[in-house]
Protein chains: 2
Amino acid sequence: MFKRAKQSRVFQDVVDQIQEAILTKKLAPGTRLPAERDLKEMFNTSRGTLREALRVLEQKGLIEIKLGVSGGAIVKQIDTDPLMESLALLIQSGEVSLEHLSEFRIKIEGSLVELATERATPKDIEELERMQARARHCYDIQDWESFLKTDEAMHTYIGTMTRNPVFQFVQKSIHDNIHRYYQDFLPMNRERTLENLQDFDKIIAAMKAKDGVAASATITDHVQRFHDKMTGKRP
Amino acid sequence: MFKRAKQSRVFQDVVDQIQEAILTKKLAPGTRLPAERDLKEMFNTSRGTLREALRVLEQKGLIEIKLGVSGGAIVKQIDTDPLMESLALLIQSGEVSLEHLSEFRIKIEGSLVELATERATPKDIEELERMQARARHCYDIQDWESFLKTDEAMHTYIGTMTRNPVFQFVQKSIHDNIHRYYQDFLPMNRERTLENLQDFDKIIAAMKAKDGVAASATITDHVQRFHDKMTGKRP
DNA sequence: CGAATCAAATGGTTTAACCATTAAGGCCCA
DNA sequence: TGGGCCTTAATGGTTAAACCATTTGATTCG
């Protein structure tokens, strides 16, 4: 019925006030907050307490703190970085395994590609083709590391094509985390790389034809193959 | 090519050391860290700086701080709460709208229910039926608020049935955030509530029959209807 | 004009003290 | 004996004042 009455922590009140001002756009991104020695007066608190509040806001990704004269706390444009950091913590702690992530990816990436196909602009297709050309070049000179980077960039770009920040975050966090631990268990080789290239050829062709179902099917198969290799299954 | 050399901030070093110890399980959940006045000696720093570090770790969800004698910093079991908080910030700031979230939900919740159906135990089904009975009771006495709570609990429970923490987080965060802003635009009424009940009857029946496809189809339709109402479309 | 130097603003750190909360033990009195 | 009250000590929360380190811009000098 009742929640524990919150123990009053001064710094928490400061955090709440500044956060409220940022979320309601009373403080726009780019705005510079007053200096610590001024803020401390405004909130009628001490500098130590005020700094604890700023530390929390910084950790939440709401402000950024710069050094030197004309430095100080600057209101940031909110982004998904704190979300990504939290997810990385969950993975590093073992609460979430790469198998969990990969299973999720199998279920979601098809829908994501389908949505991206619906909303793809000619510019998007051009951009993907540029990236695919770069990937092919990496394959030719057998630069696997750059190939992986390009591959990740293509997946992430398809996420942005959905024009939905939720899909964008999901796609970015999946690939960011999968690739971060990639080489631990999945060495790159010529054969797998070629498969990747061919899959993306198919996907781009399907996107051009506005065939979301085909694009979806191709990527789902692509992802399933990755998952099977990772979990040690062999066809 | 190069990243800016990190400006040395003492508190950051303290954060990194403690975080490392927690993630590598050198400090197990439940462990109590030494008192601030002792930690400050160990890290050879001041109490203010040390407290900034503790504040960051608390914000990350890695420790919890209790007051009084035998209080102090206690290592927490990592969970998805910080992730949820970050997402809530994105939504409150308007970076992510409820339409975005709802569109995502349409694509994912079918797969999620399918997976839950595959992995459902008899106990899971029993639990769902208990919840459904409670929802029906709320409907009978026209207690819409409790009905919504039960509805959310059922969706969240289906998330746990996947046995995959990624799906669990996704499901929890979607419904947590959708319901938080629910009444702003979607007033509950007798008709919609009855639809909800009937949908869940179908889903539970499909789960009993291990018919993942039917369960998936039902929930997707359910979610799509919700989305259409929210975005103002009428069939 | 350009480079070196200096000065001021600002965040980062340290120290020392005091306040507030909590748990535990002891004391008093019925 | 038992229950309630008080004291005490440990611990986080807060304050204050000073100094250090970094950055920027103005000033000075060759």
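Heavy-atom basis, side chains included; hydrogens, waters and symmetry copies ignored. Numbers restart at 1 for each chain; the letters A, B, ... are given by sequence-line order, proteins then strands. In this text, all values refer to a predicted model and were calculated from it rather than measured experimentally.
Here dT15(D) is the nucleotide among dG12(D), dT22(C), dT15(D) with the atom lying nearest to any side-chain atom of Thr45(A). For Arg51(A), counting side-chain heavy atoms from C-beta on, the closest listed nucleotide (dT11(D), dT14(D), dT13(C)) is dT13(C). Listed nucleotides dT22(C), dG12(C), dT23(D) differ in distance to Val69(A); the shortest reach to its side chain belongs to dT23(D). If you check dG12(D), dT15(D), dG12(C) against the side chain of Ile65(B), the one that comes closest is dG12(D).
Note on the helix from dC1(C)-dG30(D) to dA30(C)-dT1(D): terminal axis deviation equals 10°, with five pairs used at each end and the result rounded to 10°.
Rounded to whole angstrom, the span from the CG atom of Leu39(B) across to the C1' atom of dG13(D) amounts to 16 Å. Atom-to-atom, CZ of Phe11(B) to P of dA21(D) comes out at 17 Å; the value is rounded to the nearest Å. Look at CZ on Arg9(A): it is 12 Å from P on dG12(D), rounded to the nearest Å. Following rounding to the nearest Å, Ile74(A) (CD1) and dT10(C) (C1') show an atom-to-atom distance of 11 Å. For the pair Lys66(B) NZ and dA23(C) C1', the computed distance is 13 Å after rounding to whole Å. Between the P atom of dT13(C) and the CG atom of Leu54(B) lies a distance of 14 Å, rounded to the nearest Å. Rounded to whole Å, atom P of dG13(D) lies 16 Å from atom CG of Leu50(A). With rounding to whole Å, Glu52(B) atom CD is found 7 Å from dG12(C) atom P.
For Arg37(A), the side chain to side chain donor-acceptor pair (under 3.5 Å) criterion is met by no residue, not counting sequence neighbours.
The side chain of Thr49(A) contributes an N or O atom lying less than 4.0 Å from OP1 or OP2 of dT15(D).
Salt bridge status for Glu58(B) with Lys76(B): absent, with no side-chain N to carboxylate O gap under 4.0 Å.
Stacking of Arg105(A) on the aromatic ring of Phe226(A) is recorded, both the 6.0 Å distance cut-off and the 45° axial limit being met.
Between Gly68(A) and Ser46(A), the residue whose closest nucleotide on DNA chain D is further toward the 5' end is Ser46(A). Residue whose closest nucleotide on DNA chain D sits further toward the 5' end, between Pro34(B) and Ser70(A): Pro34(B).
For Arg37(A) and dG11(C), a side-chain-to-base donor-acceptor distance below 3.5 Å is present, hydrogens and geometry of angles not being considered. Between the side chain of Arg47(A) and the base of dG12(C), a donor-acceptor pair under 3.5 Å is found.
Taking the six-membered ring where the residue is Trp, His222(B) and His155(B) present tilted rings, their angle falling between 30° and 60°.
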Distance-only check: which donor-acceptor pairs under 3.5 Å involve side-chain atoms of residues 133-140 of chain A, not counting sequence neighbours?
from	atom 1	to	atom 2	distance (Å)
Arg136(A)	NH2	Asp201(A)	OD1	3.1
Arg136(A)	NH2	Asp201(A)	OD2	3.0

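For the residue pair Asn164(A) and Gln168(A), no side-chain donor N or O sits within less than 3.5 Å of a side-chain acceptor on the partner. Inspection of the Ser173(B) and Asp176(B) side chains reveals no N or O donor paired with an N or O acceptor under 3.5 Å.
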